[in-house]
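In what follows, every heavy atom counts, from backbone to side chain, and hydrogens, waters and symmetry copies are set aside. Please read these numbers as outputs of a predicted model, since none were measured by experiment. Letters A, B, ... mirror the listed sequences (proteins, then strands); counts begin at 1.
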2 protein chains.
Amino acid sequence: MHDVQGTQVRPDAAGGLREAKKAATRTQLTTAARRLAVEHGLDAVTVEMISSAAGVSVRTFFNYFETKDAAVLGPDQAVAPDAAISAFLAGRPTGALLDDLVALLDPSDQLAREGRDGVQQLFDLVSREPRVLAAFLTRGMAHEADVARLVALRLGLAEPTTACRTVAAAAVTVVRRGYAEWFADPGPAAPLRARIEQAARELVALVRPADPPAD
Amino acid sequence: MHDVQGTQVRPDAAGGLREAKKAATRTQLTTAARRLAVEHGLDAVTVEMISSAAGVSVRTFFNYFETKDAAVLGPDQAVAPDAAISAFLAGRPTGALLDDLVALLDPSDQLAREGRDGVQQLFDLVSREPRVLAAFLTRGMAHEADVARLVALRLGLAEPTTACRTVAAAAVTVVRRGYAEWFADPGPAAPLRARIEQAARELVALVRPADPPAD
DNA sequence: CCGGATCCTGCAGTCCGTGCAATAATGCAT
DNA sequence: ATGCATTATTGCACGGACTGCAGGATCCGG
């Protein structure tokens, strides 16, 4: 029985059983941290509680995450899957920078990976616990820097210029706004992607207020 | 001698000597925290060092700031002076929303209040210490919410709509980008205000790529 | 000058986070 | 399968962050 408290453990592609078990415990820790934090509030949850819920020692907890907040946030993710990055660098899917950035940062696959409940839980904590918000925003800044590099590459530049960074900041801001609105009212009528596109339209409207309706 | 380690103490307008002394010690704590953090790195600086440098006990430190990071960041400031807010709400100075937001958030007066060195010191820490960055970004989110409320008021709305929040996010992002570039190269040739306006132009260029040059 | 309110301070305690060294588990080659 | 090298887990000890509490000092108004 190669499992850790119910979480499937199977050797994923490269890397043996060792890596798979590590990934499983990391997931376990994050899951336990989020559940306990939602239930009791982050301050009332000790690292000892999270660790024992995941079946490891407190010392091991700190081998996986630097801080309690980081465990709630979960392991860092790439800004987008490789396929999406390749497409973006090749000028796809539309050729328009802002639209392609929205497509690049489209988080629907992350939603599928963590599950709708997990993401809802995380955003719940982001909006309720200032420390989780702080960690979340810090990670967002790192993602913004990654996006700036990708924009530079797409434009054939070796290093991101000021404009690349501003464009990246705008794109990340639009996606963040979409997330926030989706979380505030996660009805099925307006899926996450639609919220993000709505935020993009609002940004365009700010800059082109006198624009005639396009369609 | 009503002073605290060289910081002037005079009863500011309303509030007696008590309030003035409190403000003085708060400033002292932030000044000491920043100086020590720049010198030794934030992790190597203990609250005890900061407290004794400011001439108060450790326990008193925590009466002024909730965390060590908060002391480095300094006391919270209003998003803009009252006069600038009134002007913004009245549709000034230009009538164009984005331009007026840039004017509203123009931080030149904060620069004058804290002094160029203090702000440079703070940004130095923001870029070097992840914990200070996290606190800084969290405060930025609060400011963004304030700005969204102001936008709503200017448009005659009681509550900020989705568009108000997106507009506020875009404006705060532009100002943040200007700050970042100014800090990366604080030459006198390109003052802070010019950097912010440059970032605003970059945002416009993202949305209106085919625009003919205006001037 | 005095009473009430407010602030400062020390103390004890909990929890976070880290270096270190011993132990246990794993992967690999034979 | 078995022994060996590598790596993960754990306990321990420690410093530092942060919080109630209670006693004492300071300030403000009369």
Interatomic distance, B/Glu19 CD vs D/dC27 P [rounded to whole Å]: 13 Å
Interatomic distance, A/Arg26 CZ vs D/dA8 P [rounded to whole Å]: 10 Å
Carboxylate-amine/guanidinium proximity below 4.0 Å for B/Glu202 and B/Arg177: no
Counterpart residues, salt bridge (Lys or Arg N to Asp or Glu O under 4.0 Å), relative to A/Asp76 (two or more places apart): A/Arg139
Under-4.0 Å salt bridge between B/Arg201 and B/Glu197: no
Point-to-point distance, once rounded to the nearest 0.5 Å, from OG1 of A/Thr173 to CG of A/Leu203: 8.5 Å
Per-nucleotide protein contact string for nucleotides 15-22 of chain C (B base, S sugar-phosphate only, - none; heavy atom under 4.0 Å): -SBBBB--
Where A/Pro191 and A/Trp182 come nearest, the two heavy atoms and their spacing: C-CD1, 4.0 Å
Pairing residues for A/Asp106 by the side chain to side chain donor-acceptor pair (under 3.5 Å) criterion, not counting sequence neighbours: A/Ser108, A/Arg193
Global bending angle along the helix from C/dC1-D/dG30 to C/dT30-D/dA1, which compares the axes of five pairs at either end, to 10 degrees: 30°
Whether A/Phe136 and A/Phe123 hold their rings parallel, tilted or perpendicular, with breakpoints at 30° and 60°: perpendicular
Nearest atoms (heavy-atom pairs only) where B/Gly91 meets B/Arg154: CA-NH1, 3.6 Å
Interface with DNA chain D, restricted to residues 31-39 of chain B and to heavy atoms under 4.0 Å: none
Any protein N or O atoms within reach of nucleotides 3-6 of chain C? Criterion: under 3.5 Å, listing atom names and distances.
| residue | atom | partner | partner atom | Å |
| --- | --- | --- | --- | --- |
| C/dT6 | O2 | B/Arg18 | NH2 | 2.5 |

Chi angles and distances behind the side chain to side chain contact (heavy atoms under 4.5 Å, CB included) call for A/Phe65, A/Ile50: CA-CA 12 Å; A/Phe65 294 103; A/Ile50 302 170; over 6 Å; no
Salt bridge B/Asp124-B/Arg34, side-chain N to carboxylate O under 4.0 Å: no
Whole angstrom value for the distance that separates P of D/dT26 from CG of B/Asn63: 17 Å
